[in-house]
Amino acid sequence: MPGAVETFIVDSFTDRPFRGNPAGVCLLKAELTEELMLAIAQELGLSETAFVVPYTTANKLAIRYFSPKMEIPLCGHATLAAAKVLFEKDDACKNLQFITKQHIDLLITRREDKIQMTFPVYRTQPATVPPALLTALGLNEHRNAVYNQETNILLLEIADSRVLQALEPDFTALVQAHDTINGVLVTAPSQRKGFDFESRYFWPWSGTNEDPATGGTHTFLTGYWSERLGKTKLNSFQCSARTGFMEVELLDEDRLVINSTARIVLQGVLWV
């Protein structure tokens with residue numbers, strides 16, 4: 001048996017504890033079974049837990065992500081959380097490379113008080129929205145609907161970020177309204193000073209009811225709003241109850257960077 005696993009809880013996409021999105025981080029000496037990683041994610045009860053194991057060198061590591069329901073192919077806030085832990089453990093470390101299960105290379109750089117993550121750019125295609133899904137979300141109308149295949153997420157754009165913040169979905173009805181997606185992302189232009197767009201992410205199909213601050217959705221949100229607003233550098237605000245923020249920038253057609261901060265709020269040992 002693996003025995004003791006060094007474990008952390010980190011609030012990502014925030015500069016204050018108990019805000020942003022909490023992620024579990026387990027630093028492993030060797031790989032665990034998928035069944036055990038899922039059980040640990042269920043025990044911690046957070047939206048995602050990252051499992052990090054040495055890959056080839058001290059700064060190159062394999063990373064996998066589990067929600068309490070299933071393995072997630074790519075997760076921004078758990079990547080940020082894992083990087084925060086490793087940078088805090090080694091003050092001399094400035095760069096990391098994570099390799100996901102899908103063999104995506106995530107390059108991470110510490111820049112003073114912020115952490116910069118390089119992510120792939122994903123594209124979207126036009127989509128239709130079942131009327132029952134709009135009803136479950138509490139929406140009467142939407143501006144646009146697109147779908148991202150890599151994450152299996154449906155994106156809905158609405159006109160008013162105040163409506164977005166006030167949404168109170170019926171999650172039972174939401175699950176019944178669609179049976180093939182992992183989640184639905186609702187987004188709107190921001191009316192907050194210093195921010196370009198806002199979003200909320202609901203994913204009762206594959207995780208918790210709502211993800212407080214979601215980096216992975218920005219793999220396609222960044223390109224979506226870059227095209228609409230005509231700029232490659234944008235500031236994103238997630239208007240969930242805990243809130244979250246990040247800076248995003250398109251580097252080219254295939255890569256973007258996400259910049260933000262995180263706070264470690266708990267450190268301990270998990271016995272398995």
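Positions are given from 1, in the same order as the sequence printed here.
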Working to the nearest 0.5 Å, report the span between [atom1] of [X] and [atom2] of [Y].
X	Y	atom1	atom2	answer
Ser190	Gln165	OG	CD	10.0 Å
Glu150	Tyr122	CD	OH	5.5 Å
Leu270	Thr7	CG	OG1	4.5 Å
Thr261	Glu112	OG1	CD	13.0 Å
Ile181	Ile153	CD1	CD1	9.0 Å
Ile108	Leu96	CD1	CG	7.0 Å

Given 3.5 Å as the limit, does a donor-acceptor pair link the side chain of [X] with the main chain of [Y], or not?
X	Y	answer
Thr219	Gly216	yes
Asn144	Glu157	no
Arg200	Leu164	yes
Ser260	Met246	no
Ser240	Pro212	yes
Thr135	Leu133	no
Lys94	Phe87	no
Ser12	His77	yes

Might you work through the salt bridge (Lys or Arg N to Asp or Glu O under 4.0 Å) test for Lys89 and Glu6, ending with a clear yes or no?
CA-CA 12 Å; Lys89 287 176 66 68; Glu6 193 173 7; 3.2 Å; yes
Taking salt bridge (Lys or Arg N to Asp or Glu O under 4.0 Å) as the criterion, tell me which of Arg19, Arg16, Arg242, Lys84 meets it with Asp11.
Arg242
Donor-acceptor side-chain pairing of [X] and [Y] below 3.5 angstrom:
X	Y	result
Asn59	Gln97	no
Ser67	Glu48	no
Ser236	Trp225	no
Asn95	Thr109	yes
Ser47	Asn21	yes
Tyr65	Thr79	yes
Gln238	Thr214	yes

I'd like to know if Glu34 and Lys101 make a salt bridge, using a cut-off of under 4.0 Å between side-chain N and carboxylate O.
yes
Applying ring pair (Phe, Tyr, Trp, His ring centres under 6.0 Å), which residue pairs with at least one partner in residues 228-267 are found, sequence neighbours left out?
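Every ring pair (Phe, Tyr, Trp, His ring centres under 6.0 Å) pair that includes a residue of residues 228-267, provided the two are not neighbours, is Phe195-Phe237.
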Heavy-atom distance under 4.5 Å between the side chains of Val52 and Phe98, does that happen here?
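A side-chain contact under 4.5 Å exists here.
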Are any non-hydrogen side-chain atoms of Lys231 and Asp196 less than 4.5 angstrom apart?
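Yes, their side chains come closer than 4.5 Å.
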Does [atom1] in [X] sit with more than 12 non-hydrogen atoms of other residues, nucleotides or ligands closer than 6.0 Å?
X	atom1	result
Lys233	NZ	no
Lys114	NZ	no
Gln125	CD	yes

Please state whether the rings of Phe197 and His218 are parallel, tilted or perpendicular, taking 30° and 60° as the class boundaries.
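Ring orientation, 0 to 90° scale: tilted.
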Is the NZ or CZ atom of Arg228 positioned over Tyr224's six-membered ring, under 6.0 angstrom from the centre and within 45° of the axis?
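That pair qualifies as a cation-pi contact.
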